Number of protein chains: 2
Amino acid sequence: MKSAKDIFSEYLSKQKLKMTPQRRTILDAFLNEEGHVSSEELYNMIRKEDSSIGQATVYRTLKLLAESGIAKAVDFNDGVLRYEHKYGHDHHDHLVCEQCGTTIEAVDPEIEHLQEELAKKHGFVLTHHEMYLFGVCKECQDKSE
Amino acid sequence: MKSAKDIFSEYLSKQKLKMTPQRRTILDAFLNEEGHVSSEELYNMIRKEDSSIGQATVYRTLKLLAESGIAKAVDFNDGVLRYEHKYGHDHHDHLVCEQCGTTIEAVDPEIEHLQEELAKKHGFVLTHHEMYLFGVCKECQDKSE
DNA sequence: TTCACTGCAAAAGATTTGCACCCTC
DNA sequence: GAGGGTGCAAATCTTTTGCAGTGAA
């Protein structure tokens, strides 16, 4: 199976773009992250090790990573765009705790199927979807008792 | 059944806030809109009739409308926050056409139910959810043939 | 009379862009 | 060597906020 780095390299050359040390650094940092990173978070992590990389490059590279299919943009409605791993990770939806901010990733095949049906009923051909379930997680429920 | 205006008035007085001509104007303009309006769109509409209302007031009032339960914020990931009618309108999800921007509102009771189940399985108590299905609508499919 | 409300302009915060120099292919 | 890439700072764009004056209750 191809590594994320291979995918990215291939994407770059296909688009006649270039691999650079900065892009490598940012890709590595991104791959080392779990969860959902914002551009700024990633920038701060990277800066600790290589302070010569600029914010703009991180923004630009994350966009490229999304285009190449390695990253996926997710929006929790808090004003910051985050990115999560996409390549090698299955599609999933998000359960977001409104109190502590924890997010859980989950999929329900039945829901996925019904979404297709619903789209078809309205004449749509789906390209992708986003589902966010907002609520209170177990821990926060216990806490507030 | 209470009108949206009543709801808003009650909300204001409960919060010790005041009803003002500006708020009345903005509420009216919002209620006259169908679909999903951004603050700026609403501001532009209002300005045609009363150019003395400021942007900031529109932003501030839409926030109030959302708090009072009359409006609901929706985010189609295009950088602008939109508001749609909530009071007197059932909950629904969105089908968004990525080509022409059309949105269709839809609900599937079965999906709604499964969402609850999914949340329960992960120990969450749901407060609300958002589901966006992105794809290509009938018209745009026909167009590109 | 008392605070909340408003318009304005300035501020803030996230992201994008212009530009001159740098470096990959 | 050509053309894309980079850092930096300035520019954008949406939304928020400070302030001094205005007005609803």
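Just so it is clear, the model here is predicted, and its values are computed rather than measured. Chain A is the first sequence line, chain B the second, and so forth, proteins listed ahead of strands; every chain is numbered from 1.
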To the nearest Å, give me how far apart [atom1] ([X]) and [atom2] ([N]) are.
| X | N | atom1 | atom2 | result |
| --- | --- | --- | --- | --- |
| Asp78(A) | dT14(D) | CG | P | 19 Å |
| Arg60(A) | dC19(C) | CZ | C1' | 11 Å |
| Tyr43(B) | dT15(D) | OH | P | 14 Å |
| Glu41(B) | dT15(D) | CD | P | 11 Å |
| Phe8(B) | dC5(C) | CZ | C1' | 12 Å |
| Tyr83(B) | dT15(D) | OH | P | 8 Å |
| Leu12(A) | dG5(D) | CG | P | 8 Å |
| Arg24(A) | dG5(D) | CZ | P | 14 Å |

The side chain of [X] is closest to which nucleotide in this list: [options]?
| X | options | result |
| --- | --- | --- |
| Glu40(B) | dT14(D), dA9(D), dA4(C) | dT14(D) |
| Lys63(B) | dT16(D), dT17(C), dT6(C) | dT16(D) |
| Pro21(B) | dA24(D), dT6(D), dT6(C) | dA24(D) |
| Met19(A) | dT15(D), dC25(C), dG4(D) | dC25(C) |
| Ala56(A) | dC8(D), dG4(D), dT17(D) | dC8(D) |

Neighbour count above 12 (heavy atom, 6.0 Å) for His92(A) NE2:
yes
Is the distance from OP1 or OP2 of dT16(D) to the nearest side-chain N or O of Tyr59(B) less than 4.0 Å?
no
Could you tell me whether the phosphate oxygens of dA14(C), OP1 or OP2, come under 4.0 Å of any side-chain nitrogen or oxygen in Ser38(A)?
no
Step by step, would you call His94(B) with His129(A) a side-chain contact (heavy atoms from CB on, under 4.5 Å)?
CA-CA 10 Å; His94(B) 295 96; His129(A) 69 259; over 6 Å; no
Along DNA chain D (nearest heavy atom to each residue), the more 5'-positioned of Thr20(B) and Leu81(B):
Leu81(B)
Please compare Arg82(B) and Leu17(B) by the position of their nearest nucleotide in DNA chain D and report the one closer to 5'.
Arg82(B)
Is the Tyr11(B) ring parallel, tilted or perpendicular to the Phe8(B) ring (thresholds 30°, 60°)?
parallel
Check this for me: does the side-chain of Lys18(B) come within 3.5 Å of the base of dC3(C) through a donor and an acceptor?
yes
Please find out if less than 6.0 Å separates the ring center of His91(B) from that of His128(B).
no
Counting any heavy atom closer than 4.0 Å, what does [X] reach on the DNA or RNA strands: base, sugar-phosphate only, or nothing?
| X | value |
| --- | --- |
| Gln55(B) | nothing |
| Ser52(B) | sugar-phosphate |
| Arg23(B) | sugar-phosphate |

Could you check Gly54(B) against Gly79(A) and say which one's nearest nucleotide on DNA chain C is further toward the 5' end?
Gly54(B)
Less than 3.5 Å apart, which donor and acceptor atoms pair up between the side chains of residues 14-26 of chain B and the rest of the protein, not counting sequence neighbours?
unit_1, atom_1, unit_2, atom_2, d
Thr20(B), OG1, Arg23(B), N, 3.1
Arg23(B), NH1, Lys18(B), O, 2.7
Thr25(B), OG1, Pro21(B), O, 2.9

Once you round to the nearest 0.5 Å, how far does CZ of Phe30(B) lie from OG of Ser39(B)?
11.5 Å
